[in-house]
Amino acid sequence: MKYDYTAIEKKWQKIWAKKNAFAASDDYTKPKYYALVEFPYPSGQGLHVGHPRPYTALDIVARKRRFQGYNVLFPMGWDAFGLPTENYAIKNHIHPEIVTKNNVERFKKQIQSLGLSFDWNREINTTDPNYYKWTQWIFLQLFKKGLAYKKEMAVNWCTGCKVVLANEEVVGGVCERCGSEVIRKVKSQWMLKITEYAQRLLDDLDTVDYIDRVKVSQRNWIGRSTGAQVDFSTTAGDKLTIFTTRPDTLFGATYMVVSPEHPYIEKWADKITNLEEVRAYQEASAKKSDFERTELAKDKTGVVLEGVQAVNPVNGKEIPIFISDYVLMSYGTGAIMAVPGHDTRDWEFAKKFHLPIIEVVKGGDVEQEAFTDCETGILVNSGFLDGLSVEEAKKKIITWLEEKGLGTPKVNYKLRDWVFSRQRYWGEPIPLIYCEKCGWVPLDESELPLRLPEVENYEPTGDGESPLAAMESWVNVKCPHCGGPARRETDTMPQWAGSSWYFLRYCDPHNDKEIASKEALEYWTPVDWYNGGMEHTTLHLLYSRFWHKFLYDIGVVPTPEPYAKRTSHGMILGENGEKMSKSRGNVVNPDEIVRDYGADTLRLYEMFIGDFEKAAPWNQNSVRGCKRFLERIYGLTEILTPGNGYSKELEGPFHRTIKKVSEDIESLKFNTAIAAMMALLNDIIAIGKITQGELRTLLVLLNPFAPHITEELWEQCNFGGMLFEQSWPAYDEEKCKEEQVEIVVQICGKVRGRMTIAADSDEQALLAAAKGIPEIQPYLAGKTIIKEIAVKGKLVNLVVK
RNA sequence: GCGGGUAUGGCGGAAUUGGCAGACGCGCAGGAUUUAGGAUCCUGUGCCUUUCGGUGUGUGGGUUCGACCCCCACUACCCGCACCA
């Protein structure tokens with residue numbers, strides 16, 4: 001009988017859909033399991049072979065959990081707002097809503113052809129007004145709690161897309177999407193105060209089960225550092241406050257630097273005698289793009305402020321103040337004390353401007369390079385700190401500063417507030433109204449969703465205003481507060497908004513009273529296992545943790561963290577080992593694989609391709625290998641024999657395979673789980689027969705990986721009921737053990753012989769048996785055994801002389 | 001520069017309280033079957049060597065009876081961040 005995968009896969013997909021086989025139940029008394037994969041952006045290119053890798057992995061987990069008796073929630077949806085759709089709409093004069101609808105249809109069809117056990121009753125779409133109503137609602141709560149604010153600020157302006165980008169969307173100084181140069185431009189933007197949650201986002205990483213590299217990335221991104229804030233008095237009669245992580249080096253501060261945007265420059269304008277030069281420098285750095293700033297990173301520039309000096313609080317010495325763009329306004333206080341002896345950047349600057357370098361921590365040669373080691377150095381030239389270690393000196397100087405009222409301990413974070421506005425059409429409208437009298441007034445919740453208006457033209461205006469701004473009838477409204485004339489906010493939300501809470505909506509997707517019912521959230525959250533790309537670690541993953549914590553604070557969700565466990569998959573590369581892309585011509589289309597080999601083969605191959613967490617190149621021949629495996633499974637019906645138990649020869653292999661597959665699924669080792677099943681199949685074929693009981697077990701084990709073929713064989717063999725309704729097979733630890741094992745006999749660590757012996761033989765028995773085997777006799781003749789090592793079940797090593 | 005990761009046959013990859021390196025699959029070689037094979041089945045397959053044997057997990061050291069695995073010092077490649085005071 002031929003393995004007609006096309007017919008089999010269509011048949012079972014239809015049956016599962018009809019039976020609603022994978023719907024999560026609303027019976028909240030059962031144990032639950034919430035498995036989640038990142039919902040895709042439905043791009044115009046259709047599904048990519050990269051998509052099925054994580055989807056299949058968690059589908060395997062979901063299917064295994066159902067067999068284990070859990071009520072499983074495994075949902076799918078569409079993160080459909082975003083620039084590519086909008087750009088496509090502009091280019092082809094099709095409404096983005098239509099573009100989205102078409103793309104979603106295609107994606108859904110493709111995903112469904114893979115036999116993934118998603119609960120399609122809970123499908124969501126971020127562009128659906130019934131969905132974004134709640135995205136807007138959450139924004140209003142943030143606004144009401146003071147966590148959304150508008151700020152004039154230098155933003156990343158993409159010269160290609162004519163749109164403001166988040167810091168995270170700028171890669172290497174250019175636009176992540178179009179590659180155009182990004183420059184700095186001052187605009188009024190909505191911001192979300194994620195920084196207010198920095199410490200909790202950091203601390204609570206200890207409470208969740210994320211793979212290490214995700215935790216490390218988030219910690220680095222949040223970038224906590226501890227130090228001190230210190231006030232330097234100036235000859236202008238005021239105080240300049242700086243942040244430093246090395247207060248111990250205060251005696252080595254020989255000059256100060258403020259950022260070109262620092263407000264004190266205005267304040268001191270009438271005292272600065274070289275104001276023209278300073279202004280010129282300010283302008284020059286304002287014009288620099290981020291790219292230029294990083295390009296020129298090595299070459300320090302700056303201008304001294306003539307007419308104003310600072311006073312080092314520890315020794316009363318007057319020191320010069322510079323402006324330089326190596327000091328960023330966005331971190332700390334926008335001003336630093338420069339300690340060229342012990343900071344590489346300050347050292348470079350000091351060398352260039354011939355400023356004094358004082359050694360205050362002994363251990364290096366500060367004339368050659370900055371000595372930045374905090375572990376070994378001893379303080380020198382530092383008055384009352386002399387002789388102390390760096391750690392001791394830090395404590396002592398902070399105490400001293402506090403006593404004198406000159407400084408305080410201080411914690412700083414690299415994490416910055418989230419730029420939340422976009423001057424684009426295809427996003428959630430921000431539900432706020434600006435009134436001259438009342439300021440920013442939130443829309444009443446009863447007015448939600450605030451729908452996107454129909455417009456003729458979605459094109460960005462290029463002057464930084466959203467296309468919505470041109471819609472006079474939509475923009476001009478009455479103030480909800482005073483009834484006077486007012487205007488709507490015309491910016492929309494970034495793509496990250498809808499994905500920051502979507503996992504909550506799956507719990508109760510049709511609720512029109514709240515984001516999800518209390519009961520549903522209480523039961524389903526947190527997500528038990530969330531898998532997604534590493535590229536979302538510092539964006540989506542951090543943003544959604546922030547929103548979740550906020551929702552927890554206002555009593556909407558019952559848990560402080562959204563995801564109990566987070567894993568991440570590697571990319572699938574082209575056959576040439578490069579990233580798949582149209583321009584490289586190495587893209588593999590999943591539809592063709594499904595057509596030529598079947599969905600089960602595609603699933604199996606993507607799980608077998610290599611370590612799930614690492615990138616792996618596609619290999620068409622290996623796809624064939626997986627197909628061969630399934631064909632041989634299909635052929636097992638021809639050697640099927642009656643009997644419910646395991647045959648004597650296969651009992652051990654079956655128990656071992658059940659154990660291996662059960663454990664490997666939990667630790668993302670899908671490749672070795674499949675290898676174990678392949679090895680078992682080789683054993684079965686070598687023996688030449690399989691009992692009904694054995695085949696039942698094998699089909700259940702393989703079902704999460706290859707659901708269609710296994711369900712088909714289950715039916716063909718009349719095993720009763722549907723395969724997806726069965727239980728996960730159990731194994732007996734005792735029966736996993738081999739009775740006889742082969743023991744290696746080594747002489748001086750080299751394998752010289754082997755013996756087969758009862759697996760439970762103890763060390764004495766092993767040694768006695770080993771000494772008797774003929775192969776090693778030549779190596780023992782005329783020698784003395786000086787050491788004997790025996791390891792149960794493994795080997796014997798005799799050291800001779 | 002900083003942070004993270006990786007390095008094992010022709011290829012993808014297995015192997016952990018330190019104990020037979022190369023499971024499983026691909027490819028390749030030989031054979032069977034076939035009108036035919038890019039189908040199927042069987043056998044073999046790290047490298048060197050006719051054999052005996054030797055040798056082998058990026059490089060150089062070390063610890064150990066024994067190291068892909070632990071320690072020290074390097075090299076190469078990949079990813080992320082990047083003047084964060």
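Chain identifiers are assigned alphabetically (A, B, ...) following the order of the sequence lines, protein sequences preceding nucleic acid strands; residue numbering begins at 1 within each chain.
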pair_partner(B:rU16), Watson-Crick or wobble, both distances < 3.5 Å, evaluates to none
For a side-chain contact (heavy atoms from CB on, under 4.5 Å) with A:Arg754, tell me which candidate from A:Leu795, A:Ile773, A:Val744, A:Val745 qualifies. A:Val744
Is there a donor in the side chain of A:Asp373 and an acceptor in the side chain of A:Thr376, or the other way round, less than 3.5 Å apart? yes
Test for a donor-acceptor pair under 3.5 Å between the base of B:rC81 and the side chain of A:Lys414, counting only N and O atoms. no
A:Ser259 and A:Tyr326 side chains, donor-acceptor separation under 3.5 Å: no
For B:rC74, give its Watson-Crick or G-U wobble partner with both distances under 3.5 Å, or none. B:rG58
Taking atom C1' in both B:rG61 and B:rA21, compute the distance separating them and give it to the nearest angstrom. 23 Å
Any ion pair linking A:Arg246 and A:Asp248 (charged N to carboxylate O, less than 4.0 Å)? yes
If you measure from the C1' atom in B:rC77 to the same atom in B:rC70, how many Å do you get, rounded? 25 Å
So which of A:Asn586, A:Leu573, A:Val623 actually passes side-chain contact (heavy atoms from CB on, under 4.5 Å) with A:Trp618? A:Val623
Taking a pair as Watson-Crick or G-U wobble with both distances under 3.5 Å, which nucleotide is matched to B:rU40? B:rA32
Using a 4.0 Å heavy-atom cut-off to protein, can you give one letter per nucleotide of nucleotides 68-77 of chain B, 5' to 3': B if the base is in contact, S if only the sugar-phosphate is, - if neither? ----------
Between the protein and nucleotides 29-32 of chain B, which nitrogen or oxygen pairs come in under 3.5 angstrom?
none

Which letter, B, S or -, goes with each nucleotide of nucleotides 15-26 of chain B from 5' to 3', with contact meaning a protein heavy atom under 4.0 Å? S---BB--BBSS
For B:rU63, give the paired nucleotide (Watson-Crick: N1-N3 plus N6-O4 or O6-N4; G-U: N1-O2 and O6-N3; both under 3.5 Å), or none. none
Does A:Ser217 reach a base, just sugar-phosphate, or nothing at all? Heavy atoms under 4.0 Å. nothing
Pairing nucleotide - B:rG27, Watson-Crick or G-U, each distance under 3.5 Å: B:rU45
B:rU51 and B:rU45: how far apart are their P atoms, nearest whole angstrom? 14 Å
Return the value, rounded to whole Å, for the distance between atom CD of A:Glu788 and atom P of B:rG66. 16 Å
Need one value for A:Ala615: base, sugar-phosphate or nothing, where a base atom within 4.0 Å counts as base even if backbone is also close, heavy atoms only. sugar-phosphate
Is the distance between the ring centroids of A:Tyr255 and A:Phe322 under 6.0 Å? yes
Distances under 3.5 Å between protein N/O atoms and the N/O atoms of nucleotides 54-58 of chain B, please, pair by pair.
none

So which nucleotide does B:rC69 pair with, by the Watson-Crick or G-U wobble rule with both distances under 3.5 Å? none
Tell me whether the side-chain N/O atoms of A:Thr344 come closer than 4.0 Å to OP1 or OP2 in B:rC83. no
So, the side chain of A:Asp417 versus the backbone of A:Thr195: is there a donor-acceptor pair under 3.5 Å, distance only? yes
Nearest-Å distance once atom P is located in both B:rG9 and B:rC48: 14 Å
Residue list, side chain to side chain contact (heavy atoms under 4.5 Å, CB included) with A:Lys414, at least two apart or on another chain: A:Tyr331
Pairwise C1' distance, B:rA76 and B:rA82 [rounded to whole Å]: 22 Å
Taking the nucleotide of RNA chain B with the closest heavy atom to each, which residue, A:Tyr413 or A:Lys787, is nearer the 5' end? A:Lys787
Donor-acceptor pair between A:Thr241 and A:Asp231 side chains, under 3.5 angstrom: yes
Roughly how far apart, to the nearest Å, are B:rG18 and B:rG13 at atom P? 25 Å
Any strand, both distances under 3.5 Å, Watson-Crick or G-U wobble: B:rU51 pairs with none
Would you measure the distance from the P atom in B:rC68 across to the matching atom in B:rU17 and give it in whole Å? 14 Å
Examine the side chains of A:His536 and A:Glu38 and answer whether a donor and an acceptor come within less than 3.5 Å of each other. yes
note: A:Ile685, atom CD1; B:rC42, atom C1'; distance rounded to Å ~ 13 Å
Measuring only the C1' atom in each nucleotide, how far is B:rG58 from B:rU8? A whole number of Å is fine. 10 Å
Would you kindly compare A:Ala616 and A:Ser330 by the position of their nearest RNA chain B nucleotide and give the one closer to the 5′ end? A:Ala616
Let me have the donor-acceptor pairs involving side chains of residues 674-689 of chain A, under 3.5 Å, with sequence neighbours excluded, atom names and distances please.
| unit_1 | atom_1 | unit_2 | atom_2 | d |
| --- | --- | --- | --- | --- |
| A:Asn682 | OD1 | A:Arg632 | NH2 | 2.6 |

So what's B:rC2 paired with, Watson-Crick or G-U wobble, going by both distances under 3.5 Å? B:rG80
Are any of the side-chain nitrogens in A:Asp206 or A:Lys215 under 4.0 Å away from the carboxylate oxygens of its partner? no
So if I apply the side-chain contact (heavy atoms from CB on, under 4.5 Å) rule between A:Phe251 and each of A:Asn312, A:Ile358, A:Val314, which one comes out positive? A:Val314
Under 4.0 Å between a Lys/Arg side-chain N and an Asp/Glu carboxylate O for A:Lys659 and A:Glu663? yes
Please determine whether a side-chain nitrogen of the Lys or Arg among A:Glu578 and A:Arg584 lies less than 4.0 Å from a carboxylate oxygen of the Asp or Glu. yes
